[in-house]
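Notes to accompany the following structure.
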There are 2 protein chains.
Amino acid sequence: MSPEPRPHTGRRRNPAVRQAILDHAADLLIAHDYAAVSTDAIARAAGVSKHTIYRWWPSKGAVLLEAMAERARQQTPGLNTGVFAEDLETFLAATFRTADRVSGLLRGIMAEAQRDPVAAEGLRQFVTGRRDELHALLTRGLEQGELPPDTDPDLLVDQIFGLMWYRLLIGHAPVDGDVATRLARSLIHRQEG
Amino acid sequence: MSPEPRPHTGRRRNPAVRQAILDHAADLLIAHDYAAVSTDAIARAAGVSKHTIYRWWPSKGAVLLEAMAERARQQTPGLNTGVFAEDLETFLAATFRTADRVSGLLRGIMAEAQRDPVAAEGLRQFVTGRRDELHALLTRGLEQGELPPDTDPDLLVDQIFGLMWYRLLIGHAPVDGDVATRLARSLIHRQEG
DNA sequence: TCTTTGCCGAGACTGATAGTATCGACAAAT
DNA sequence: ATTTGTCGATACTATCAGTCTCGGCAAAGA
């Protein structure tokens, strides 16, 4: 009862096709409204059969999610300089600016995650990764005494990413480097009160 | 060229029908998955023709939005006691608990707002109202010296509501009275550092 | 009471979309 | 050469948002 007696013969998956699907899915979501992005549209833009999409991904949300993760991986916020205040500001500025640039992508994923469990679980994992990064950074700041000693890192992480997503989804205020700076400084400054 | 020479004759709108639509729309969104809530489902549940829904609302998102606003109006967070720390905690606890109870409704609206401009604009107005309330409360706390003097109320409002929405939408952590309390205290405590 | 106006339900209809199924061509490994 | 599996084309089902038409009926004025 070996699960896979024959490793893999026959034609292999074409990586160019996979990349084309992910690229065009991301581009469509960034450029157009979320409502305009259908699997047919993705297939058409990528020059690919819809069948091929569903061969490799279980749902549209799964495609969009992987496309987002792919884009996110391309830009990782810079390494730590060791100076907490500087690191925090850099991290937030890079995160916010990138998020704003691909806001259509993020908003579409979030909407899809509310109806597609696969996308929801994927988004949760993605978000967990980002939260862990920021959590580690904040913990370091806490240990260095750069944050109030009674700070709850979990709560603070959700305040920061929460603000970002909230503004992206509602659109009442910008998500840019300026906000990132102001936010970072407001968190640091408090200890001097 | 009088726009409306005859004020209004003929049969009037039945308020019970309007209420039934809004009630069942909200109930469906709270009880079921967002994906399961269609206009057909709302019409069926409310014992109403789909035609009647579209006579009074321009889109499904508009119905859901008004249903949400209706529910939100039913519970207004308690009045101010004058003690800022107490008021803040009460406001947050009431807001968070209510939001969690109708989380399905909120998540559905947010998803719909990403594809329906009518729902987006409505949600923005709704959210603005809530933001103004909290903003006023925080400003009072700032004037009373209960918050760090360099606090930016706009930023803080978005941190608080941002955390709430972020947790509702991702579902990685609870939105309850406990979180509200911890959050409120973390904001107050800082001045004592 | 009779007529007009407009609400409302029933249900057919269009168009878009997610996801599935079938087929044939073809590429890769043995 | 044969087997295995990829891929495009295309048709298909099912669902859903939103429109349309029809017929019944309730309310207001004459």
Side-chain angles (χ1 to χ4, degrees), chain A residues 4-22 24-25 28-29 32-65 67 108-109 111-120, chain B residues 4-22 24-25 28-29 32-65 67 108-109 111-120:
Chain A
E4 198 85 17
R6 179 178 11 77
H8 189 350
T9 65
R11 184 180 185 176
R12 306 304 174 81
R13 177 179 189 180
N14 184 355
V17 166
R18 175 181 171 277
Q19 204 58 51
I21 292 170
L22 294 179
H24 284 92
L28 279 175
L29 214 37
H32 301 73
D33 261 8
Y34 163 57
V37 179
S38 60
T39 47
D40 281 300
I42 296 172
R44 211 178 312 122
V48 146
S49 166
K50 199 165 59 157
H51 184 60
T52 304
I53 294 180
Y54 281 102
R55 181 187 306 277
W56 298 106
W57 289 275
S59 66
K60 186 177 84 162
V63 180
L64 299 180
L65 183 80
I109 293 286
E112 198 65 24
Q114 304 306 313
R115 70 172 73 215
D116 180 359
V118 175
Chain B
E4 199 83 19
R6 180 181 10 80
H8 189 357
T9 65
R11 186 178 184 175
R12 307 305 175 79
R13 179 178 188 178
N14 184 356
V17 167
R18 173 181 172 277
Q19 204 58 51
I21 292 170
L22 294 179
H24 285 91
L28 279 174
L29 215 36
H32 301 73
D33 261 9
Y34 163 56
V37 180
S38 60
T39 48
D40 282 298
I42 296 172
R44 210 178 313 120
V48 146
S49 167
K50 200 165 56 155
H51 183 62
T52 302
I53 295 179
Y54 282 101
R55 181 189 307 276
W56 299 106
W57 289 275
S59 67
K60 187 177 85 163
V63 180
L64 299 180
L65 182 80
I109 293 284
E112 197 67 24
Q114 304 307 314
R115 72 173 72 216
D116 180 358
V118 175

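Naming convention: chains lettered A, B, ... in sequence-line order (proteins, then strands); numbering from 1 in each chain.
- Nearest heavy-atom pair across A:Ile21 and A:Val48 is CD1-CG1, 3.9 Å.
- Rounded to whole Å, the distance from CZ on B:Arg115 to C1' on D:dA17 is 11 Å.
- In this structure, A:Arg44 atom CZ and D:dT10 atom P are separated by 13 Å, rounded to whole Å.
- To the nearest 0.5 Å, the span separating CZ on A:Arg44 from OG1 on A:Thr39 amounts to 9.5 Å.
- Residues that satisfy the side chain to side chain donor-acceptor pair (under 3.5 Å) test with B:Tyr34, not counting sequence neighbours, are A:Arg115, B:Glu112.
- The side-chain contact (heavy atoms from CB on, under 4.5 Å) test applied to A:Ala120 returns A:Ala113, not counting sequence neighbours.
- Spacing between atom CG of B:Asp40 and atom P of C:dG9 amounts to 14 Å, rounded to whole angstrom units.
- Put simply, NE2 on B:His32 is 17 Å from C1' on D:dC16, counting in whole angstrom units.
- In this structure, A:Ile21 places its CD1 atom 12 Å from C1' of D:dT6, rounding to the nearest Å.
- Contacts between residues 54-65 of chain A and DNA chain D, defined by a heavy-atom separation under 4.0 Å, are made by A:Arg55, A:Trp56.
- Side chains of B:Val118 and B:Leu65 form no contact here, defined as non-hydrogen atoms less than 4.5 Å apart.
- Here the P atom of nucleotide D:dC7 and the CZ atom of A:Arg18 are 12 Å apart, to the nearest Å.
- In this structure, B:Ser49 does not reach the C:dC8 phosphate: none of its side-chain N or O atoms is under 4.0 Å from OP1 or OP2.
- The nucleotide whose nearest atom lies closest to any side-chain atom of B:His51 is, among D:dG8, C:dA18, C:dA10, C:dA10.
- We find that CD1 of A:Ile53 is positioned 15 Å from C1' of D:dT6, with the value rounded to whole Å.
- Of all the heavy atoms in A:Ser49 and A:Ala43, the pair that sits closest is C-CB, 4.2 Å.
- Put simply, the side chain of B:Lys50 and the base of D:dG18 share a donor and an acceptor less than 3.5 Å apart.
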